[in-house]
Amino acid sequence: MTPKPVRAPRLLRGVRAPRWLALICVLSWSGAGAPSLAAEPAAMEEAKAAAIGVMEAFLQAFNARDEAAWADTLQFPHVRMASGGVVVYPDRAAFLDAMDLTAFAEQTGWDYSTWDDMQVVQASPDKVHIAVKFTRYDPQGAELASYASLYVVERVDGRWGVRARSSFAP
């Protein structure tokens, strides 16, 4: 049985495209190049576990006010989207120059944070997207604020780290 040809949408009928563009369209429609959640279950589970481990180390270093250990949980360049802006830290040195968690604590009354919820929303063997909710607390344990965020955790040269984070936190 010969498959029935698929007709182009009316808008595209009669439009000639280079063959390379057609190939790209076919590959994208077929899912080629996109992560397959069923392709390698063991690799996916390992990626998710590694990413969650990085997230735990990230928060532990943040709460300890250990900027160097915190930087160890990141990939560079590192991107933070928050407060209506985007900050790109091109390398570890730039990140460390910009961070002062002691000053942050003094300015905001913050003492520590917790992950309240952490859900892997997309994953491949080398990249995991994690939707989180976190809460900041003062020294007496009173809640200061809670925020939703999305973290992108990647494996680069065999090492997992947070590449980007988008937060509703200031």
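Model, not experiment: these values are computed from the prediction.
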Any side-chain heavy atom of [X] within less than 4.5 Å of one from [Y]?
X: D116; Y: S146; value: yes
X: V54; Y: I52; value: no
X: V132; Y: L150; value: no
X: L59; Y: F134; value: no
X: V121; Y: I130; value: no

* Residues that A61 engages under side chain to side chain contact (heavy atoms under 4.5 Å, CB included), provided they are two or more places apart ->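 Expected list: A69, W70.
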* Asked: Residues in side chain to side chain contact (heavy atoms under 4.5 Å, CB included) with S166, at least two apart?
  ->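 Listed in chain order: M81.
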* Can you tell me how far OG1 of T73 sits from CZ of F62, rounded to the nearest 0.5 angstrom? ->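 Separation between the atoms: 11.0 Å.
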* Gap separating the NE2 atom of H129 from the OH atom of Y151, nearest 0.5 angstrom ->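 Rounded to the nearest 0.5 Å, the NE2-OH separation comes out at 14.5 Å.
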* To do: Decide whether M118 and F168 are clustered together by the hydrophobic rule: side chain heavy atoms of Ile, Leu, Val, Met, Phe, Trp, Tyr closer than 4.5 Å, transitively.
  =>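 No, it is not one cluster - the side chains of M118 and F168 are not joined through contacts under 4.5 Å.
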* Are F95 and V79 connected in a single hydrophobic cluster, I mean Ile/Leu/Val/Met/Phe/Trp/Tyr linked by side-chain heavy atoms less than 4.5 Å apart? ->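 Shared cluster, no.
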Could you report the tightest heavy-atom contact between [X] and [Y], atom names first, then the distance?
X: W115; Y: M55; value: NE1-O, 3.1 Å
X: Q75; Y: V156; value: NE2-N, 3.6 Å
X: A71; Y: F76; value: O-CE1, 3.7 Å
X: A82; Y: A169; value: CB-O, 3.3 Å
X: V88; Y: P77; value: CG1-CB, 4.1 Å

* To do: Check the pair S113, T135 against side chain to side chain contact (heavy atoms under 4.5 Å, CB included), reporting the backbone distance first and the verdict last.
  => CA-CA 5 Å; S113 297; T135 300; over 6 Å; no
* To do: Any pair with a residue in residues 83-107 that passes side-chain hydrogen bond (donor to acceptor under 3.5 Å, both in side chains), sequence neighbours left out, goes on the list, sorted by first then second residue, please.
  =>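 Non-adjacent pairs meeting side-chain hydrogen bond (donor to acceptor under 3.5 Å, both in side chains): D72-R92.
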* Residues two or more places apart in sequence or in another chain: which of them pass ring-ring contact (aromatic ring centres under 6.0 Å, His included) with F104? ->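 Partners of F104 by the ring-ring contact (aromatic ring centres under 6.0 Å, His included) criterion, ordered by chain and then number, come out as W110.
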* To do: Please name all residues satisfying side-chain hydrogen bond (donor to acceptor under 3.5 Å, both in side chains) with Q140, sequence neighbours left out, ordered by chain then number.
  =>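 Result, side-chain hydrogen bond (donor to acceptor under 3.5 Å, both in side chains) vs Q140: none returned.
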* Counterpart residues, side-chain hydrogen bond (donor to acceptor under 3.5 Å, both in side chains), relative to S167 (two or more places apart) ->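 Checked S167 against side-chain hydrogen bond (donor to acceptor under 3.5 Å, both in side chains); matches are S149.
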Which pairs with one or both residues in [range] pass salt bridge (Lys or Arg N to Asp or Glu O under 4.0 Å), sequence neighbours excluded?
range: residues 160-170; result: E154-R163
range: residues 47-71; result: E45-K48, R65-D111
range: residues 127-138; result: none
range: residues 79-89; result: none

* To do: Kindly write out the residues that satisfy salt bridge (charged side-chain N to carboxylate O under 4.0 Å, His left out) with R155, not counting sequence neighbours, or none if the list is empty.
  =>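 Checked R155 against salt bridge (charged side-chain N to carboxylate O under 4.0 Å, His left out); matches are D126.
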* To do: Any chance you could lay out the side chain to side chain contact (heavy atoms under 4.5 Å, CB included) test for V152 and V162, step after step, and finish with the verdict?
  => CA-CA 6 Å; V152 178; V162 177; over 6 Å; no
* Linking Ile, Leu, Val, Met, Phe, Trp and Tyr by side-chain heavy atoms under 4.5 Å, what else ends up with Y137? ->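 Under the 4.5 Å side-chain rule, Y137 groups with Y112.
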